[in-house]
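Just so it is clear, the values below take in all heavy atoms, side chains as well, and ignore hydrogens, waters and symmetry mates.
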Amino acid sequence: MSEETMAAPPVRHWPALDLTGVDFDPVLSELMREGPINRIQLPNGEGWAWLVTRYEDVRLVTNDPRFSRAEVIGREVTRLAPHFIPQASAMNFVDKPDHSRLRRAVNSAFTTRGIERLRANAQRTLEGMVDEMLRDGPPADLIDRVLAPFPITVICELMGVPATDRHTLHTWTQAILSSSQGAKVSEQAKVDMEAYFAKLIAERRGATGEDVTSLLGAAVGRGDITEEEAMALAGPIQIGGEAVTNNTGQMLYVLLTRPALFDRLRDEPELRPQAIDELHRYIPHRNAVGLSRIATEDVVLRGVRISKGDPIYVSYLAANRDPEVFPDPDRIDFERGSNPHLAFGHGPHYCVGGMLARMEQELIVNTLLDRIPTLRLSVSEDEVPWRRGALIRGPEALPVTW
């Protein structure tokens, strides 16, 4: 059979699963075994979409202008979330060159210098939270005491959100990221957050601050971006900042349920940076898949024709388990020599907050391992509750003692 005429694989239904622990999605495992390119149908939206799972193909699709995010707008692509109304001006749904223009408006906040200016205050904040937890004594919920409030504080400082508004922003974020509260609740939270940032950005036109809303206000004032574009940029950055809670919760769950790994990192601090990279590669950051793209012309991939107009997803989770790139991929190996994981994405839509998340995770791991060397779960690992109906995976609570 020629490359041009190879038959398309069957459409596989991928239900919404409430997975616990760091178990790899069994449906995704089956899809990876069946072949490098699949067709999937998710619980919401319409029709089916292509799915690529191999590392090389994921990098190709995410960096190839023939696969467009902007073309998703107005389409009811099959998806995990029941609520999904992409904005034409949101950075996640803009292609080059507009994507580059929008990203330039906030780039200075996410440079090494921009992130490092937050480090000292972030460390003080974290130390204060750990002090209070230690003062109150065990047991404690690590999510409630540290892993939820710390990222909220850091992202709100980066965004320029006043401390008095942080709880409100957190409530909206949780509603937007949930698939179990219903589309109406999620959409209302999205509308409320957009209105909030529209007002904040409007107040900061001509601002000279280094926080994101000041940068956006200044960019609107200069005419570099529109008010609608600024508002559509702010929300996803704010929401993304809270993903650190779930990702770091998974990392600590791994360490607390594998005491040998915890002890090793406690005793060998020099190993921690590469260990965090390996945990990024290993943990299942999300449920199912994220945002789709649309083929803008016919493309032959792995001998299968993807037609113009077809939706396509990539799985970063699957790419991070590709045995051709990561030998023995289901094993956590803190001494893995090369680790070009795709946990923060790839291509133009690489996570703008990746460096910020990395800093927060280093601070959390270092502070907890150094200050509470006897930290351990206070319940059995199968008693740890996990978020249900969430797009981003993570423990709902992490009960610990010391």
Side-chain angles (χ1 to χ4, degrees), residues 22 109-134 142-143 145-159 237 240-285 316 320 332-345 350-375 392-395 398 400 402:
V22 289
F110 295 97
T111 60
T112 302
R113 177 184 170 278
I115 299 304
E116 284 302 313
R117 77 179 178 84
L118 302 174
R119 182 182 289 271
N121 201 35
Q123 182 69 59
R124 278 192 297 272
T125 298
L126 183 58
E127 295 285 359
M129 290 175 179
V130 173
D131 285 343
E132 285 187 18
M133 186 175 78
L134 292 175
L142 206 53
I143 301 290
R145 300 304 298 263
V146 178
L147 300 188
F150 177 63
I152 293 167
T153 302
V154 174
I155 192 62
C156 285
E157 182 182 349
L158 181 77
M159 295 297 294
I237 295 172
E242 292 204 33
V244 173
T245 297
N246 298 315
N247 294 341
T248 314
Q250 285 196 57
M251 289 183 179
L252 285 163
Y253 174 84
V254 167
L255 295 177
L256 292 166
T257 55
R258 296 163 173 79
L261 297 183
F262 182 96
D263 292 347
R264 186 159 186 215
L265 290 194
R266 181 194 59 205
D267 299 338
E268 300 178 47
E270 69 281 358
L271 195 60
R272 293 173 193 170
Q274 67 196 66
I276 290 173
D277 266 335
E278 175 66 349
L279 291 171
H280 268 302
R281 182 196 69 80
Y282 180 84
I283 63 172
H285 295 254
Y316 292 123
N320 283 343
I332 299 171
D333 181 5
F334 287 163
E335 293 177 321
R336 196 175 290 280
S338 173
N339 197 344
H341 67 76
L342 302 179
F344 292 116
Y350 179 86
C351 177
V352 68
M355 201 185 302
L356 176 68
R358 179 62 191 246
M359 180 197 75
E360 292 179 69
Q361 288 159 344
E362 286 182 359
L363 292 180
I364 290 168
V365 169
N366 287 334
T367 302
L368 291 176
L369 266 64
D370 292 341
R371 293 199 56 190
I372 320 177
T374 58
L375 190 69
I392 308 297
R393 280 179 71 176
L398 208 48
V400 293
W402 54 89

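Residues F110 and V352 come closest through the heavy atom pair CD2-O, 3.3 Å. Contact record, V154 with A122: CG2-CB, 4.0 Å, taken as the closest heavy-atom pair. Pairing each heavy atom of L158 with each of L356, the nearest pair is CD2-CD2, 3.7 Å. Closest approach of T245 to L147, counting heavy atoms only: OG1-O, 2.6 Å. Here the closest heavy-atom approach between residue G114 and residue L118 is recorded as O-CG, 3.9 Å. Looking at every heavy atom in both residues, A357 comes nearest to F344 through CB-CE2, 4.0 Å.
No side-chain donor-acceptor contact under 3.5 Å links E362 to the backbone of P273. Judged by distance alone, the side chain of T374 and the main-chain N or O of W402 form no donor-acceptor pair under 3.5 Å.
Distance CD1/I372 to CG/L142: 7.0 Å, rounded to 0.5 Å. If you take CZ on R264 and CZ on F334, they are separated by 8.0 Å, rounding to the nearest 0.5 Å. Taking CD1 of I364 as the start and CE of M251 as the end, the distance is 9.5 Å to the nearest 0.5 Å. Atom CG of L369 sits about 11.5 Å away from atom CD of E268, to the nearest 0.5 Å.
Residues V22 and T257 are not in side-chain contact: their nearest non-hydrogen atoms beyond the backbone lie 4.5 Å or more apart. Inter-residue side-chain proximity for F150 and V244 is flagged as unmet; no heavy-atom pair is nearer than 4.5 Å. In this structure, N246 and R393 have side chains that are not in contact, with every pair of non-hydrogen atoms separated by 4.5 Å or more. Under the 4.5 Å side-chain criterion, counting only non-hydrogen atoms from C-beta, L363 is not in contact with E360. Considering only heavy atoms from C-beta on, E157 stays 4.5 Å or farther from T125 through its side chain. The shortest side-chain heavy-atom distance between V400 and R145 does not fall under the 4.5 Å cut-off. N121 has its side chain within reach of R124: a pair of non-hydrogen atoms, C-beta onward, lies under 4.5 Å apart.
Ion pairing between R119 and E116 holds under the 4.0 Å rule for side-chain N and carboxylate O.
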Indicate every side-chain donor-acceptor pair of residues 276-283 with a distance under 3.5 Å to a residue at least two apart or in another chain.
| unit_1 | atom_1 | unit_2 | atom_2 | d |
| --- | --- | --- | --- | --- |
| D277 | OD1 | H341 | NE2 | 3.1 |
| D277 | OD1 | R358 | NH1 | 2.7 |
| E278 | OE1 | R281 | NE | 2.9 |
| E278 | OE1 | R336 | NE | 3.1 |
| E278 | OE1 | N339 | ND2 | 3.2 |
| E278 | OE2 | R281 | NH2 | 3.0 |
| E278 | OE2 | D333 | N | 2.7 |
| E278 | OE2 | R336 | NE | 3.1 |
| E278 | OE2 | R336 | NH2 | 3.4 |
| H280 | NE2 | Q361 | OE1 | 2.7 |
| R281 | NH1 | N320 | O | 2.8 |
| R281 | NH1 | P329 | O | 2.9 |
| R281 | NH2 | P329 | O | 2.9 |
| R281 | NH2 | R331 | O | 3.1 |

What do the steps show when you test M359 against M355 for side chain to side chain contact (heavy atoms under 4.5 Å, CB included), and what is the final call? CA-CA 6 Å; M359 180 197 75; M355 201 185 302; over 6 Å; no
Full working for side chain to side chain contact (heavy atoms under 4.5 Å, CB included) between V146 and T367: CA-CA 11 Å; V146 178; T367 302; over 6 Å; no
